[in-house]
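Report on the structure given below.
On a predicted model such as this, the values are computed, not experimentally measured, just so you know.
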Amino acid sequence: MLKNFKGYEQFEINTKVTEFVNKEKFTLMYLQETVFFPESAGQTGDLGVIEFNNNSYKILGLAISEDKVVHKTELIKDIQVGSEVVAKIDLKHRELVSQNHSAAHLLFDTIRELFPTSLGKGYFNDENGLRIDMQLDEKVDWDLIFKLNQIVIKKTKSGAYKEEIIVDAQTAKNEYNLAIEFNEKELEGDLRIVKFKNISIQLCSGTHVRNLLEIPNFLIYDFESKGSNIYRFYARTNPKFLEQEYDKFRKNELPEVIHISEKYSSLKFKYGEDKNVEKARDAILTITKEFLLPKWDVYIKFKIITTNLRKAMNEYLIHVDAKKKDFLFNKYKNIEPTVFGDNKIFVINENNLENKDYNFICETVLKNNKNSYVEIIDQGAKMFFCKSNCSINAFERMDTHDSLVIKGGGNEKTAQGKILERSKIKN
């Protein structure tokens, strides 16, 4: 536990300097008592000022040395051992940090309740949000995120007050069933337990809200796999920062949803409908109106639906790709050359195909025709693609094309580029 720390309940204190060192641009000092919580166990340190001789000096950093807080401030030239100062934290910053820290406890406990064998693998929170790394065997998806978020929100509305209990390590282990191992060693001495009724109980030296109702909101806005069954959860509690996540979602993911929907519409009339894509699109249309004034549940439901849409669309594109290949194969397997001679030349006009389609067409034609050259002109996409299995150099042929100006690259076997203009315009 921190020595001479009074900052759990006090936010401003009159105190004295016990030791100090002045550097060129800053001062390092110990105080007789302090309200400043240093960065510790993943929680960011306090902000604030030291007031001395009617001047305010910003806190630049806080650290722990021998269980005491080292204060790094703007340079205080006339400070002395015994100087009386006022230590004053930035209360708004503390409130935001404490909200996120308490919310992190709730999320950790919730994951442990659902998955008792899960293990904490890392943690950080500041005034902007929080993240937790957890090792668990369960696969994490947005359906699970919805469940976790729902439980945490319910806990924040319980109105449970914070209780602090100071006990020795063995009491914490035996009576409160708390793990006292840290970095493969057992903790010793007095420990601080932070408890919110039967909602949460953990060993913790960090700062917290007094009542869980002080956590204004909660949103797990993202997660990612870090490998080895470790997942990182990202969350926020401040409504302002939540609105930023909603805005990012509107700007980044909604356009993608629209693009997927438009692509599906252009394909379904040729390749047929897909019930899973249709279902996801219908769900998106239903929830889009709610997203104008988003809440946590709408946000996560949208994440679930968009994930389902991407998955369904990917599966549909595999189906489309197979059908497209069958169609292109049957269309070009017996195609006649445009020009006969020692080298057969095939000139093919297509419209709005993809690169893989060009390659498939060329491979199909060349497989059935030795000493041949194939070029595909896609005026819809303004793309040119060619392949050769003969003496014709693909890149040179493209670069000196007799009717097109093409900017691209390649080699003697394969070349591709963007169609810029007709060569008659160049001339």
Side-chain angles (χ1 to χ4, degrees), residues 258-278 280-281 309-425:
I258 293 170
H259 172 73
I260 292 173
S261 185
E262 289 175 345
K263 185 172 184 178
Y264 172 72
S265 296
S266 69
L267 292 171
K268 74 173 184 177
F269 294 108
K270 188 172 183 179
Y271 299 103
E273 291 186 354
D274 182 90
K275 64 179 182 179
N276 291 325
V277 177
E278 293 285 342
R281 289 176 84 204
L309 177 63
R310 292 188 191 98
K311 180 181 177 182
M313 189 61 180
N314 287 337
E315 292 172 352
Y316 177 67
L317 289 175
I318 293 172
H319 164 76
V320 166
D321 193 50
K323 277 195 168 185
K324 189 187 291 185
K325 281 185 176 180
D326 288 342
F327 173 78
L328 294 174
F329 178 78
N330 290 323
K331 182 177 180 179
Y332 291 111
K333 65 180 179 180
N334 296 317
I335 188 175
E336 291 294 320
T338 308
V339 178
F340 288 89
D342 293 338
N343 295 317
K344 291 178 284 187
I345 297 174
F346 297 82
V347 178
I348 296 171
N349 289 288
E350 272 292 351
N351 194 46
N352 289 320
L353 292 182
E354 297 178 74
N355 217 55
K356 61 183 179 181
D357 301 324
Y358 306 144
N359 189 65
F360 180 78
I361 293 170
C362 290
E363 290 292 335
T364 299
V365 175
L366 294 178
K367 186 177 181 180
N368 297 323
N369 295 276
K370 295 181 180 180
N371 299 320
S372 298
Y373 164 84
V374 184
E375 69 178 41
I376 300 172
I377 301 168
D378 189 333
Q379 289 292 356
K382 295 295 180 185
M383 291 297 297
F384 180 91
F385 190 96
C386 64
K387 271 200 167 190
S388 173
N389 66 2
C390 63
S391 60
I392 297 175
N393 185 300
F395 177 73
E396 288 180 1
R397 177 87 175 191
M398 179 186 75
D399 198 43
T400 59
H401 202 278
D402 57 358
S403 63
L404 299 171
V405 176
I406 304 160
K407 184 177 182 180
N411 54 44
E412 61 182 14
K413 296 297 183 184
T414 305
Q416 66 181 82
K418 190 76 174 174
I419 300 172
L420 300 180
E421 57 183 328
R422 291 286 179 181
S423 58
K424 66 179 182 180
I425 298 176

- Near-ring test F346/Y373, centroid separation under 6.0 angstrom: no
- Query: Can any side-chain N or O of N369 pair as donor or acceptor with the backbone N or O of V365 at less than 3.5 Å?
  - Reply: yes
- Got R397 and N393 here, is their nearest side-chain heavy-atom distance under 4.5 Å? no
- Query: Side chain of D357, backbone of L353: donor and acceptor closer than 3.5 Å?
  - Reply: no
- Message: Can a donor-acceptor pair be found, under 3.5 Å and without considering hydrogens, that links the side chain of S372 to the backbone of K370?
- Response: yes
- Trace of the side chain to side chain contact (heavy atoms under 4.5 Å, CB included) decision for E412 with F395: CA-CA 6 Å; E412 61 182 14; F395 177 73; over 6 Å; no
- Message: For Y358 and E350, which I'm curious about, is there any donor-acceptor pair between the side chains at under 3.5 Å?
- Response: no
- Query: Got K344 and N371 here, is their nearest side-chain heavy-atom distance under 4.5 Å?
  - Reply: no
- Message: Could you walk me through whether I419 and I377 satisfy the side chain to side chain contact (heavy atoms under 4.5 Å, CB included) test, starting with their C-alpha distance in whole Å, then the side-chain angles of each, then the deciding distance to 0.1 Å, before giving a yes or no?
- Response: CA-CA 9 Å; I419 300 172; I377 301 168; 3.9 Å; yes
- Hits for ring pair (Phe, Tyr, Trp, His ring centres under 6.0 Å) against F384, two or more places apart or cross-chain, chain-then-number order -> H401
- Main-chain N/O of L317 paired with D274 side-chain donor or acceptor, under 3.5 Å: no
- Gap between atom CG of L267 and atom CD of E262 - 0.5 Å precision: 12.0 Å
- Message: Looking at K418 and A381, would you say the former's side chain and the latter's main chain have a donor-acceptor pair under 3.5 Å?
- Response: yes
- Note on the structure: All heavy atoms of K333 vs all of T364, minimum pair found to be CA-CG2, 4.0 Å
- Item | Atom of L366, atom of S388 and distance for their closest heavy-atom approach | CD1-N, 4.2 Å
- For the atom pair CG (D378) and CD1 (I348), what is the distance rounded to the nearest 0.5 Å? 11.5 Å
- Message: Between N352 and K382, does the side chain to side chain contact (heavy atoms under 4.5 Å, CB included) criterion hold? Intermediate values first, please.
- Response: CA-CA 8 Å; N352 289 320; K382 295 295 180 185; over 6 Å; no
- K268 and E278, any side-chain heavy atoms less than 4.5 Å apart: yes
- Task: Start with the C-alpha gap between Q416 and N355, add the side-chain angles, then the distance that decides, and say whether side chain to side chain donor-acceptor pair (under 3.5 Å) holds.
- Result: CA-CA 9 Å; Q416 66 181 82; N355 217 55; 3.2 Å; yes
- Neighbour count above 12 (heavy atom, 6.0 Å) for K413 NZ: yes
- Item | Step-by-step side chain to side chain contact (heavy atoms under 4.5 Å, CB included) determination, R281 to V277 | CA-CA 6 Å; R281 289 176 84 204; V277 177; 4.0 Å; yes
- Message: For the CG atom of L404 and the CG atom of L420, what is their distance to the nearest 0.5 Å?
- Response: 9.5 Å
- Pairwise distance CE(M313) to CD1(I318) - rounded to 0.5 angstrom: 11.5 Å
- Kindly give the heavy-atom pair with the smallest separation between G417 and M398, and that separation in Å. N-SD, 3.9 Å
- Message: Any non-hydrogen side-chain atom of Y264 less than 4.5 Å from a side-chain atom of L309?
- Response: no
- Supply the atom-to-atom distance Y316 OH to I260 CD1, rounded to the nearest 0.5 angstrom. 13.5 Å
- Note on the structure: Heavy-atom closest pair (Q379 atom, N351 atom, distance to 0.1 Å) is C-OD1, 4.3 Å
- Interatomic distance, CD1@I406 vs CE@M383, rounded to 0.5 Å, equals 9.5 Å
- Tell me, with the steps shown, if N276 and K311 meet side chain to side chain donor-acceptor pair (under 3.5 Å). CA-CA 9 Å; N276 291 325; K311 180 181 177 182; over 6 Å; no
- Should K324 and E354 count as an ion pair when the cut-off is N to O under 4.0 Å? yes
All N/O donor-acceptor pairs, side-chain side in residues 334-343, below 3.5 Å, sequence neighbours left out:
| residue | atom | partner | partner atom | Å |
| --- | --- | --- | --- | --- |
| T338 | OG1 | V347 | N | 3.0 |
| N343 | ND2 | S391 | OG | 2.8 |

- Task: State whether F327 and K270 meet the cation-pi test: NZ (Lys) or CZ (Arg) under 6.0 Å from the six-membered ring centroid, and within 45° of the perpendicular axis.
- Result: yes
